[in-house]
Amino acid sequence: MSAAPQGKRVLSGMRPTGQLHLGNYHGALRNWVDLQYQYECYFFVADWHALTTGYEDTAGLPEASREMLIDWLAAGLNPGVATLFVQSHVPEHAELHLLLSMITPLGWLERVPTYKDQQEQLKDKDLATYGFLGYPLLQSADILIYRPAFVPVGEDQVAHVEITREIARRFNHLYGREPDFEEKAERAIKELGGRNITLYRNLRKRFQEAGDTAALERARALVEGNARITVADRERLLGYLEGGNVSILPEPQVLLTATPKVPGLDGRKMSKSYGNTIGLREDPDSVAKKLKTMTTDPARVRRTDPGDPGKCPVWDLHRVYSDEQTQQWVQQGCRSAGIGCIECKKPLIDKVVAEIATIRNRAQEYEQSPELVRGILEEGCERARATARETMNDVREAMGLEYR
Ligand code: TRP
Ligand code: SF4
């Protein structure tokens, strides 16, 4: 059995919605750009996920995927360090999804909060489909196939990572057995050598008897940091900490993205469906024009009326873009009617336009050469597939599907 690298890998995905807007950028993408230099990152275009709610009209999918990828690159995702790919180009996701579907109780899927919520929200679509119900399981397969330590997502996706953990646990419980596991694990403990033998035993006991998760973390670090033991023993020792199984599909953790509030032009959350967005590659004049007419505190009708930034979406943008000094200037000026809204928006417009201009510039190169984008994708898909294949070999073997 090959290694299940833990502690370093990150995976996340995004549905292809076409060109991204500032809400997408501050809600996820910017965070990915930071993460790529701290972890081994896999980021993918979740095109199959788009089908779970939009199966009728699929004509725009390739274009939407390509445009989103260009935004990723323009925003600073670096294909030299992060693995960027498209879900449907790695068919192993589908195989794992199928195999996991065999062990997934229907009730688990029906209980996922987004199942009923989305069906109600998207009333114009018939979402009483098999694919839509199974969508969180597809997401579980997307995640588990890369055996990541962390999955960076926003609040709305936490339940999906939670079900992923449950499915991993169930899989490991069902198929993570090997004959004489306990015996082999005990033998592996001795391989740790010296004081680590007692330390491992004590930490394991503290976790198993008292649920001490800090002890579990320390024990994991102890195992992972040990260069003397074999990969197989490492897996046994990690599995033995929590129970009697080898962890074929390690449980990933949520890396909750701190998402600032990014209001759209009308003050509601920025979203394509509200038509209130500012595009990541939008032309500067258009951006400035949009911001100039953006909603402000509705109580501030005349220039002489004092306002309340707490009730103004422009203030929320200042919180994302402006430094401390500017923020104070806004607070004071607004509350005392010392500044007008046009004046208040000026430094904000400068910042947003500058940010977008950088992204626009970087995007140009990719817009002009589709081969460049295609090449990046091909390379990313190759890398992703190599990792996915490794996992699938272990999965098939564990499930007894390795025919020779
Ligand atoms: N479901 C996610 C969304 O709608 C996208 C997604 C698909 C994803 N697979 C994933 C996110 C795996 C993280 C990990 O935004
Ligand atoms: Fe909003 Fe600024 Fe106008 Fe105050 S001055 S209402 S914060 S735009």
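When a ligand or atom number is given, it counts from 1 through the structure's own listing order. Position 1 is the first residue of the sequence; numbering continues from there. Below, each value reflects all heavy atoms present in this structure, side chains not excepted, and no hydrogens, waters or symmetry copies.
- For the pair R9 and Y39, the cation-pi test (distance below 6.0 Å, angle within 45°) is failed.
- Within the 2.8 Å limit, C341 places no N, O or S atom next to atom 1 (Fe) of ligand 2.
- Here the protein heavy atom with the shortest distance to atom 2 (Fe) of ligand 2 is C344 SG, 2.4 Å.
- Near C334, with a cut-off below 4.0 Å to any heavy atom, the atoms of ligand 2 are 4 (Fe), 5 (S), 6 (S), 7 (S).
- At least one N or O atom of Y135, backbone or side chain, sits closer than 3.5 Å to an N or O atom of ligand 1.
- Cation-pi geometry between R234 and Y240 is not satisfied (NZ or CZ under 6.0 Å from the ring centre, within 45° of the ring normal).
- Closest to atom 8 (C) of ligand 1 among all protein heavy atoms lies Q139 NE2, 3.4 Å.
- Protein heavy atom closest to atom 8 (S) of ligand 2, with residue, atom name and distance, is T296 CG2, 3.6 Å.
- Considering backbone and side-chain atoms together, Q157 places an N or O closer than 3.5 Å to an N or O of ligand 1.
- Each of the atoms 1 (Fe), 6 (S), 7 (S), 8 (S) of ligand 2 lies under 4.0 Å from some heavy atom of C312.
- Close approach to D297 involves these atoms of ligand 2, each under 4.0 Å from a residue heavy atom: 6 (S).
- In summary, the side chains of R165 and S140 do not present any donor paired with an acceptor at a separation below 3.5 Å, with no hydrogens or angles considered.
- Here the heavy atom of the protein found nearest to atom 5 (S) of ligand 2 is R300 NH1, 3.1 Å.
- In this structure, Y321 has its ring center under 6.0 Å from that of H26.
- Aromatic ring pairs are classed by plane angle as parallel below 30°, tilted from 30° to 60° and perpendicular above 60°; the pair F43 and W32 is parallel.
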* Take R236 and E183 through the salt bridge (charged side-chain N to carboxylate O under 4.0 Å, His left out) test and state the conclusion after the steps. => CA-CA 10 Å; R236 287 188 189 105; E183 219 170 277; over 6 Å; no
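- Atoms of ligand 1 lying under 4.0 Å from at least one heavy atom of D142, given by number and element, are 7 (C), 9 (N), 10 (C).
- Counting protein heavy atoms only, atom 5 (C) of ligand 1 is closest to G13 O, 3.7 Å.
- In this structure, atom 4 (O) of ligand 1 lies nearest to the protein heavy atom R15 NE, 3.2 Å.
- Close approach to V314 involves these atoms of ligand 2, each under 4.0 Å from a residue heavy atom: 8 (S).
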### Task
Give the intermediate values and the outcome of side-chain contact (heavy atoms from CB on, under 4.5 Å) for residues Y37 and V81.
CA-CA 7 Å; Y37 296 111; V81 291; 3.9 Å; yes
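- Looking at D394, its side chain never comes within 3.5 Å of a backbone N or O of I248 through a donor-acceptor pair.
- In summary, the side chains of Q87 and D142 do present a donor paired with an acceptor at a separation below 3.5 Å, with no hydrogens or angles considered.
- At a heavy-atom distance under 4.0 Å, only side-chain atoms of I143, from C-beta outward, approach ligand 1.
- Proximity of the aromatic rings of H97 and Y135 is defined here by a centroid distance below 6.0 angstrom, and this criterion is not met.
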